[in-house]
Amino acid sequence: MKRILFLIILTALAAAPCKLAAQVGVARRAISVGVNGGVVLNSVGFDPTIKQSMHQGTTFGVTFRMTSEKYFKSLCALQIELNYAGLGWKEKVLNAAGEPLPDSYQRNMNYVQLPFLARMGWGREKRGAMGYIVAGPQVGYCFGEATKRGASWTIDETTGLPDRPNGLCAQYDLGVQRRFDYGITAGAGLEVNTRAGHFMIEGRYYYGLGDFFDNAKKDVFGRSNNNAIVVKFTYLFDLRKEYPDAK
């Protein structure tokens with residue numbers, strides 16, 4: 001409940017700049033829609049810790065943006081996306097002595113994600129370049145998962161289990177137990193505005209506040225949250241555009 005309350009508060013804070021601009025800013029009435037796609041580099045915050053390299057996946061989806069006000073030199077907008085994202089983790093497999101093994105393991109998890117973003121931009125509105133930042137809450141749902149493991153699998157002869165640091169191997173047999181995901185995301189990008197539409201390149205970071213494994217005292221993991229770096233391209237075209245004083 002505390003984390004859900006935090007997201008509600010964050011949503012209100014994310015919308016606050018636009019509400020402030022609505023009181024003292026110059027009106028804009030622009031609605032843009034389009035598509036986005038890119039690459040996701042994900043790792044999982046496990047407790048106890050599991051050594052990992054970055055899991056690489058893809059993301060793509062649709063974007064809706066409503067530009068409402070210009071507050072001094074800052075262009076204020078609200079942005080909503082509906083995306084697919086391939087998350088998961090890629091394990092650096094070590095034995096109990098901390099030595100690398102030829103074993104390999106990767107978990108792929110498929111998510112649908114819904115970020116609600118406040119967007120502030122500075123630069124040219126009609127023709128030219130604009131820098132911007134985005135931030136806000138994000139929710140998601142894991143609708144599928146798959147595992148990749150190498151043909152070889154080093155077994156501890158004493159226990160009959162995989163030879164791992166501290167005997168930690170429960171992650172291999174656990175499926176996703178909590179499919180609903182939520183967290184916060186923020187990023188920055190560059191937009192180029194043309195007659196053909198809006199072209200953007202953006203870097204974004206997502207920090208998951210929820211865990212996908214159960215985390216009670218009786219459970220193996222106290223933490224299992226997603227941490228994602230996203231690099232994406234977006235194209236938007238205007239459905240409505242009213243800002244006669246824009247440059």
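All heavy atoms count here, side chains included; hydrogens, waters and symmetry mates do not.
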Discussion item. Please determine whether side chain to side chain contact (heavy atoms under 4.5 Å, CB included) holds for the pair S74 and W122, giving the CA-CA distance in whole Å, both sets of side-chain angles, and the decisive distance to 0.1 Å.
Written reply: CA-CA 5 Å; S74 301; W122 298 269; 2.6 Å; yes
Worksheet item: Do V139 and Q113 have side chains that get closer than 4.5 Å, going by heavy atoms?
Response: no
Discussion item. Nearest 0.5 angstrom please: S224 OG to Q177 CD, how far?
Written reply: 8.0 Å
Practice prompt. Taking the side chain as every heavy atom from C-beta outward, state whether N226 and D181 have any pair of such atoms under 4.5 Å apart.
Written response: yes
Worksheet item: What residues form a side-chain contact (heavy atoms from CB on, under 4.5 Å) with V176, not counting sequence neighbours?
Response: M109, C142, E145, R179, F212
Discussion item. When you measure from the side chain of D214 to the backbone of A216, do you find a donor-acceptor pair of N or O atoms at a distance under 3.5 Å?
Written reply: no
Worksheet item: Between Q56 and K90, is any pair of side-chain heavy atoms under 4.5 Å apart?
Response: no
Worksheet entry | Chi angles and distances behind the side chain to side chain contact (heavy atoms under 4.5 Å, CB included) call for F64, I31 | CA-CA 8 Å; F64 170 86; I31 297 176; 3.5 Å; yes
Worksheet item: At their closest point, which heavy atom of A228 faces which heavy atom of L87, and how far apart are they?
Response: CB-CD2, 4.4 Å
Fill in: Test item: N108 side-chain N/O and G86 main-chain N/O as donor-acceptor pair under 3.5 Å
no
Item to complete: May I ask you to test the Y141-Y182 pair for a side-chain heavy-atom distance under 4.5 Å?
Response: no
Fill in: ring-ring contact (aromatic ring centres under 6.0 Å, His included) partners of F60, counting only residues at least two apart
Y84
Worksheet entry | Verdict with reasoning, Y205 to T185, per side chain to side chain contact (heavy atoms under 4.5 Å, CB included) | CA-CA 6 Å; Y205 177 73; T185 187; 5.9 Å; no
Response to the item:
Between the CG atom in L236 and the OG1 atom in T67, the distance rounded to the nearest 0.5 Å is 9.0 Å
Practice prompt. Would you check if E91 and Q171 make a side-chain contact, meaning some heavy-atom pair closer than 4.5 Å?
Written response: yes
Item to complete: Answer yes or no: is there a side-chain heavy-atom contact under 4.5 Å between V134 and E202?
Response: yes
Worksheet item: Going only through I, L, V, M, F, W and Y residues with side-chain contacts under 4.5 Å, is there a path from L114 to V40?
Response: no
Worksheet item: Side-chain contact, heavy-atom cut-off 4.5 Å: R119 with E191?
Response: yes
Discussion item. Checking F46 now: which residues fulfil ring-ring contact (aromatic ring centres under 6.0 Å, His included) with it, not counting sequence neighbours?
Written reply: W89, F221
Discussion item. If you define the side chain from C-beta out and look only at heavy atoms, does anything of F213 sit under 4.5 Å from N215?
Written reply: no
Discussion item. Is there a path of hydrophobic side-chain contacts, each under 4.5 Å between heavy atoms of I/L/V/M/F/W/Y residues, joining V220 to Y172?
Written reply: yes
Discussion item. Strictly below 4.0 Å, N to O, side chains only: are R204 and E81 in salt-bridge contact?
Written reply: yes
Response to the item:
d(K51 NZ, L94 CG) to nearest 0.5 Å is 7.5 Å
Fill in: H198 and its side chain to side chain contact (heavy atoms under 4.5 Å, CB included) partner, picked from V192, N193, T234
N193
Discussion item. Using modelled atom types and a 3.5 Å cut-off, is there a donor and acceptor pairing between side-chain atoms of T147 and backbone atoms of R107?
Written reply: no
Worksheet item: How does the hydrophobic cluster around I201 look, that is, which other residues are in it when side-chain heavy atoms under 4.5 Å mark a link?
Response: L190, F233
Worksheet item: Is L75 isolated, or which residues cluster with it under the ILVMFWY side-chain rule of less than 4.5 Å, directly or via members?
Response: M130
Practice prompt. Could you tell me which residues satisfy side chain to side chain donor-acceptor pair (under 3.5 Å) with T63, sequence neighbours excluded, listed by chain and number?
Written response: N36
Item to complete: Apply the test side chain to side chain donor-acceptor pair (under 3.5 Å) to residues H55 and N42: give CA-CA distance (whole Å), side-chain angles for both, the deciding distance (0.1 Å), then the verdict.
Response: CA-CA 5 Å; H55 175 282; N42 194 69; 5.7 Å; no
Item to complete: Can you measure from OG1 (T154) to CG (D163) and round to the nearest 0.5 angstrom?
Response: 7.0 Å
Fill in: Stepwise side chain to side chain contact (heavy atoms under 4.5 Å, CB included) check, Y132 with M120
CA-CA 5 Å; Y132 67 89; M120 300 293 288; over 6 Å; no
Discussion item. Salt bridge check, R164 against D103: does any charged N sit closer than 4.0 Å to a carboxylate O?
Written reply: yes
Item to complete: Say whether, by atom type as modelled, one donor and one acceptor occur between the side chain of Q52 and the main chain of I50 under 3.5 angstrom.
Response: yes
Worksheet entry | Heavy-atom closest pair, residues C169 and L161 | SG-CB, 4.2 Å
Worksheet item: Between L78 and V33, is there a shared hydrophobic cluster once you connect ILVMFWY residues whose side-chain heavy atoms come closer than 4.5 Å?
Response: yes
Discussion item. Once rounded to the nearest 0.5 Å, what's the spacing between atom CG of L82 and atom CD1 of I80?
Written reply: 10.5 Å
Discussion item. Within the 3.5 Å criterion, strictly below it, is a donor on D211 or N225 matched to an acceptor on the partner's side chain?
Written reply: no
Worksheet item: Can you find a side-chain donor-acceptor pair between N83 and Y111 that sits under 3.5 Å?
Response: no
Worksheet item: Quick one: does NZ or CZ of R149 land under 6.0 Å from the six-membered ring centre of Y105, within 45 degrees of the ring axis?
Response: no
Worksheet item: Taking atom NZ of K126 and atom OG1 of T194, what is their separation to the nearest 0.5 Å?
Response: 14.0 Å
